[in-house]
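Heads up, the thing below is written out as structure tokens.
Numbers for residues simply follow the sequence, beginning at 1. Since the structure is predicted, the reported quantities are computational estimates derived from the model, not experimental observations. Below, all heavy atoms of this structure are taken into account, side chains as well, without hydrogens, waters or symmetry copies.
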Amino acid sequence: MKFHSLMAAALLAVSMDSHAGLIHQFNINGSLADSVGTASLVGLGGTVGADAYVFDANKGLRLEAKLGSVYTIDMSFHFDSFRTYGRIIDFKNLYGDEGFYAASDKFRVFNVAGTGNGGNMDANVDSRVTVTRDAQKMFKVYQNGELVLSVLDTAGVTDFGQNYAHFFRDNTSGGTTGEGNPGAVDYIRVYDTALSLDEVRALTPPDVDVPEPASLGLMGAGLALLGFTRRRRSN
């Protein structure tokens with residue numbers, strides 16, 4: 001196979017794999033449309049702006065998709081202010097206190113025994129927050145690409161099951177209600193697999209046109225193959 005043919009094949013493979021695992025992407029640039037899939041992201045009383053969804057306490061979003069037990073959710077958001085607890089993600093169709101919270105300005109999974117707090121948020125400062133849950137029931141929280149909290153969730157607190165995902169909206173029954181913070185979210189992106197630390201670090205905002213994490217290894221392999229072929233030709 002000629003050099004240019006190999007190059008074309010490698011680039012095609014990278015292009016085909018550039019969104020491997022990515023199932024939903026909401027850029028929130030004047031719209032809540034899914035640019036990758038067909039899921040509905042529904043505003044619950046906030047305002048869709050040119051580059052963010054702005055919400056008061058408990059005026060967040062509902063993602064009408066069933067994410068199950070293994071996933072990655074990547075998003076950029078900030079809170080304007082902090083209460084003792086402010087819901088970030090609800091997994092149980094707005095029932096019960098269990099979920100992923102901002103505990104004051106830190107991250108916490110409530111209520112998993114032995115779970116502490118991690119990370120640190122500043123009011124009105126965007127953080128890229130990435131959460132993953134793998135087949136071993138390990139729930140991890142990354143802030144700006146760095147691991148800040150890891151929870152073994154054998155109780156299934158962070159398992160969506162057949163429920164829709166709710167963001168920045170507290171439960172409406174089954175416990176203490178109304179625990180929400182005002183803020184804004186720039187984008188939400190969902191994968192059907194638990195990304196690794198290196199893959200999370202490689203993520204960029206949706207408006208930056210670079211290969212997704214799964215394509216990086218494939219690109220490296222393609223370049224190595226091309227280099228090997230050129231060496232053989234030179235010999």
Side-chain angles (χ1 to χ4, degrees), residues 53 55-61 63 67 69-161 163 165-191 194-201 203:
Y53 176 81
F55 54 88
D56 290 331
N58 286 307
K59 302 292 186 180
L61 296 157
L63 172 55
L67 306 184
S69 61
V70 176
Y71 53 81
T72 295
I73 300 172
D74 178 58
M75 54 187 173
S76 177
F77 69 89
H78 72 260
F79 289 128
D80 299 335
S81 59
F82 300 97
R83 299 182 54 173
T84 303
Y85 278 97
R87 180 85 68 162
I88 300 175
I89 302 177
D90 170 81
F91 304 89
K92 305 300 180 185
N93 201 29
L94 303 182
Y95 180 84
D97 287 329
E98 296 176 334
F100 179 46
Y101 287 86
S104 186
D105 60 353
K106 302 188 183 302
F107 301 107
R108 181 178 179 87
V109 178
F110 185 89
N111 186 20
V112 177
T115 300
N117 299 338
N120 184 75
M121 292 177 284
D122 294 317
N124 297 301
V125 177
D126 285 346
S127 286
R128 181 168 68 86
V129 178
T130 311
V131 299
T132 70
R133 192 179 194 274
D134 62 25
Q136 288 70 48
K137 304 178 182 181
M138 187 64 69
F139 182 82
K140 296 181 179 180
V141 181
Y142 301 85
Q143 184 178 16
N144 299 324
E146 298 302 321
L147 181 64
V148 296
L149 185 64
S150 185
V151 177
L152 180 59
D153 179 26
T154 56
V157 169
T158 59
D159 182 351
F160 287 101
N163 300 316
H166 288 82
F167 300 94
F168 317 114
R169 175 67 180 264
D170 198 26
N171 57 296
T172 56
S173 61
T176 303
T177 61
E179 295 177 317
N181 297 325
V185 55
D186 298 331
Y187 70 85
I188 299 175
R189 192 162 41 188
V190 182
Y191 297 79
L195 299 183
S196 67
L197 172 60
D198 287 342
E199 289 172 328
V200 169
R201 285 175 172 169
L203 292 174

Among residues at least two apart in sequence or on other chains, which ones pass ring-ring contact (aromatic ring centres under 6.0 Å, His included) with [X]?
X: F77; answer: F79, F168
X: Y85; answer: Y101, F110
X: F100; answer: F107, F139

- Side-chain donor-acceptor contact under 3.5 Å, R87 with N58: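 No, no side-chain donor-acceptor contact under 3.5 Å.
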Who are the side-chain hydrogen bond (donor to acceptor under 3.5 Å, both in side chains) partners of [X], not counting sequence neighbours?
X: T177; answer: none
X: D105; answer: none
X: N163; answer: none

Got [X] and [Y] here, is their nearest side-chain heavy-atom distance under 4.5 Å?
X: L63; Y: F167; result: yes
X: S127; Y: S76; result: no
X: D186; Y: D126; result: yes

- What pairs with R169 under salt bridge (charged side-chain N to carboxylate O under 4.0 Å, His left out), at least two apart in sequence or on another chain?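 Not a single residue meets the salt bridge (charged side-chain N to carboxylate O under 4.0 Å, His left out) criterion with R169.
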- Item | Non-neighbouring partners of R128 that pass salt bridge (charged side-chain N to carboxylate O under 4.0 Å, His left out), sequence neighbours left out |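 With neighbours one apart ignored, the set is D74.
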- Flag, side chain of D56 to backbone of K59, donor-acceptor distance under 3.5 Å: no
- Item | Short side-chain to backbone donor-acceptor contact, Q143 and V148, under 3.5 Å |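 Such a contact is absent between Q143 side chain and V148 backbone.
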Determine the minimum heavy-atom distance between [X] and [Y], stating which atoms define it.
X: Y95; Y: S173; answer: CD1-OG, 3.3 Å
X: R108; Y: A103; answer: CB-CB, 4.0 Å
X: G86; Y: N181; answer: CA-ND2, 3.6 Å
X: A165; Y: L67; answer: CB-CD1, 4.2 Å
X: V200; Y: G145; answer: CG1-CA, 4.2 Å
X: F55; Y: H78; answer: CZ-O, 4.5 Å

- Query: Can L203 and R189 be said to form a side chain to side chain contact (heavy atoms under 4.5 Å, CB included), step by step?
  - Reply: CA-CA 10 Å; L203 292 174; R189 192 162 41 188; 4.0 Å; yes
- Message: With a 6.0 Å cut-off on the ring centroids, do Y71 and F160 count as close?
- Response: yes
Taking atom [atom1] of [X] and atom [atom2] of [Y], what is their separation to the nearest 0.5 Å?
X: L149; Y: L147; atom1: CG; atom2: CG; answer: 7.5 Å
X: L94; Y: N171; atom1: CG; atom2: CG; answer: 7.5 Å
X: T130; Y: R201; atom1: OG1; atom2: CZ; answer: 12.0 Å
X: N93; Y: D90; atom1: CG; atom2: CG; answer: 7.0 Å

Listed partners of [X] passing side-chain contact (heavy atoms from CB on, under 4.5 Å), at least two apart:
X: T176; answer: D97, E179
X: S150; answer: M138, K140
X: V112; answer: V109, T115, V151, D153, V157
X: S69; answer: R133, D159

- Task: Please test M75 against I88 for side chain to side chain contact (heavy atoms under 4.5 Å, CB included), starting from the C-alpha separation and ending with a verdict.
- Result: CA-CA 11 Å; M75 54 187 173; I88 300 175; 3.7 Å; yes
- Task: Show your working on side chain to side chain contact (heavy atoms under 4.5 Å, CB included) between I73 and I188 and close with a plain yes or no.
- Result: CA-CA 7 Å; I73 300 172; I188 299 175; 4.2 Å; yes
